[in-house]
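Since this is a predicted model, take the numbers as computed values, not measurements. Only this structure's heavy atoms are used, side chains among them; waters, hydrogens and symmetry mates stay out. Counting starts at 1 for both ligands and their atoms, following the listed order.
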Amino acid sequence: MTDRVEAYIDENQDRFIEELKQFMRIPSVSAQEKHDADTRACAQWVVDHLKGLGFQAGLIDIGGKPIVRAAKKGKSSKRVLIYGHYDVQPEDPVGEWKTPPFEPTIRDGILYGRGATDDKGQVFTHFKAVESLLKTEGGLPCEVLFLLEGEEESGGDALARYVSQAKDELKADAVVVSDSTMYDANTPAITYGLRGIIALEAIVRGPASDVHSGAYGGGVANPAMVLAQILAACVSREGKVLVPHFYDDVVPLQDWERQSFRKLNFNDGALAKELNVPHLHGESGYSTLERLWARPTFEVNGIFGGYQGQRSKTIIPASATAKITCRLVSNQDPARVRDLVIEHIRSVCPNTVRLEINEFGASPPVLFDVNNPMIRAAQEAIRKGFSRDTVFIRCGGSIPVVSTFVEQLGCPVVLMGFGLDSDGPHGPNEHFSLDSFRRGTKAAAQLLRMT
Ligand code: BES
Ligand code: ZN
């Protein structure tokens, strides 16, 4: 049976891609002040685009980056809230891009550029799904409410504040999010768990300024070495986090999950090869998927201090800094874990240095029951759009506002992602398969029809 909506999506593919490229050309890097105007321009571009599709759309400014809100009524009284983010990560390391990050380029059926997969390309599947329904069926099957934020990548809380304030007028039958991944290029997936996150930095301060390591070495603590010792006291060589009580609230995997992870036949060797590491590593006693999806971690995102230039320079640095994040899983409470981690770092830090700890954002993990009707509908929609069966997965990443949707709106959340971990989100040469873009658009349209 030919499906007019799917045929429209096929026929208009080239134009959809050109429009997505326009969206990707706007460098909406939320973390960097120099891009504040671009970020706002990008939000306005989205508003204009959705107005062009007949939506009532506008920006909401409540501090932080603007929120795009756009709504259009449908044939039924049901309402689907579609969330995404229009901001992107900084372009660095800029020298490693084969083509410039904000000049989207297609090579071999793959679209390269910042935001291709995270999240502009995925958001755009929903824009084009609604367009296709409107153009072929004369209306939407249900009301669609888009809420797009501009600070997902930089830890902002504007959308969480807005959702909490406006929860009564945001009531929906489901929240749909495409900001996660498929299991692999041939296996679409529904994500039923995301990890949470806490972020901190630890700064170890020693001498008032960098000093001669011959004159003073041996007489005073070296902040870089102290920092290394602190970090080494946080995770064992076997990958266990050594912070007391860190694992107390972790919900163990259920039997069905362990079995379903095993059935996915994850290939450790292929991952090691993809990442170009000699061997994988992680908490002992757990499979790779269990470690990536269902176990918490302590990670160092960056470490610096002292001399970074050519050859050698004999100093004891005045300070050393580590940027730290912990990924959390249900039912770890970000505030509690943050306190535990800070307390542990303080307790292992010697009194020969001064320690400063700064806290950044935090967000809780989420875990959904896969047996809800919306998730079943999404499974069917993806089966139609991709002509393939879906699997249930968890993802290791975090989408902070999802827990706010759960708490404030109390409706089911469907995480229907079309990207791949190997798409290079946050890194150089980020990309998105145009085949996934097309199939994802079809799945998004089918889901609205089934609501
Ligand atoms: N799209 C990602 C989250 C993601 C990554 C989901 C991989 C599933 C698989 C999202 O845009 C993201 O990167 N979030 C940040 C949040 C952080 C800045 C608070 C993350 O996970 O690091
Ligand atoms: Zn994202």
Assess the pair Phe418 and Phe386: is the distance between their ring centroids shorter than 6.0 Å?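 Yes, the ring of Phe418 comes within the 6.0 Å limit of the ring of Phe386, centre to centre.
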Measure centre to centre between the rings of Phe127 and Phe146, then say whether the value is under 6.0 Å.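 Distance test on ring centres: under 6.0 Å, yes.
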Tell me which part of Asp179 gets within contact of ligand 1: side chain, backbone, both or neither, using heavy atoms under 4.0 Å.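 The answer is both, backbone and side chain.
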Proximity of Gln89 to ligand 1 by residue part, where a heavy atom lies under 4.0 Å: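 No part of Gln89 is near ligand 1 at this cut-off.
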Are [X] and [Y] within salt-bridge range, i.e. N to O under 4.0 Å?
X	Y	result
Asp87	Arg114	no
Lys72	Glu143	no
Asp333	Arg338	no
Glu343	Arg346	no
Arg40	Asp36	no

Does any N or O of ligand 1 fall below 3.5 Å from an N or O anywhere on [X], backbone included?
X	result
Ser180	no
Asp421	no
Glu153	yes

Given the ring of [Y], does [X] sit roughly above its face, with NZ or CZ under 6.0 Å from the centre of the six-membered ring and within 45° of the axis?
X	Y	result
Arg107	Tyr112	yes
Arg295	Tyr286	yes
Lys240	Tyr247	yes

Examine ligand 1 and decide if any of its atoms is less than 4.0 Å from a heavy atom belonging to [X].
X	result
Arg195	no
Asp119	no
Arg327	yes
Pro400	yes

For His245, does the NE2 atom sit with more than 12 other heavy atoms under 6.0 Å from it, leaving out its own atoms?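 Check fails, neighbour count at 12 or below.
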Phe298: which of Leu242, Val337, Ile198, Leu231 passes side-chain contact (heavy atoms from CB on, under 4.5 Å):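 Between Phe298 and the candidates, side-chain contact (heavy atoms from CB on, under 4.5 Å) is satisfied uniquely by Leu231.
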In the protein, which heavy atom is nearest to [atom], and how far is it?
atom	value
atom 16 (C) of ligand 1	Ser398 O, 3.6 Å
atom 10 (C) of ligand 1	Glu152 OE2, 3.2 Å
atom 5 (C) of ligand 1	Gly397 CA, 3.8 Å

Yes or no on ring pair (Phe, Tyr, Trp, His ring centres under 6.0 Å) for Tyr83 and Phe405, after CA distance, side-chain angles and deciding distance? CA-CA 10 Å; Tyr83 160 80; Phe405 287 132; 5.7 Å; yes
Which atoms of ligand 1 are found less than 4.0 Å from any heavy atom of His85?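 Close to His85: 11 (O).
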Work out how many protein N, O or S atoms lie closer to the Zn ion (ligand 2) than 2.8 Å.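 Of the protein's nitrogen, oxygen and sulfur atoms, 4 lie under 2.8 Å from the Zn ion (ligand 2).
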Heavy atom to atom 8 (C) of ligand 1, shortest distance: which of Gly419, Gly396, Ser178, Cys395 holds it?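 Among Gly419, Gly396, Ser178, Cys395, the closest heavy atom to atom 8 (C) of ligand 1 comes from Cys395.
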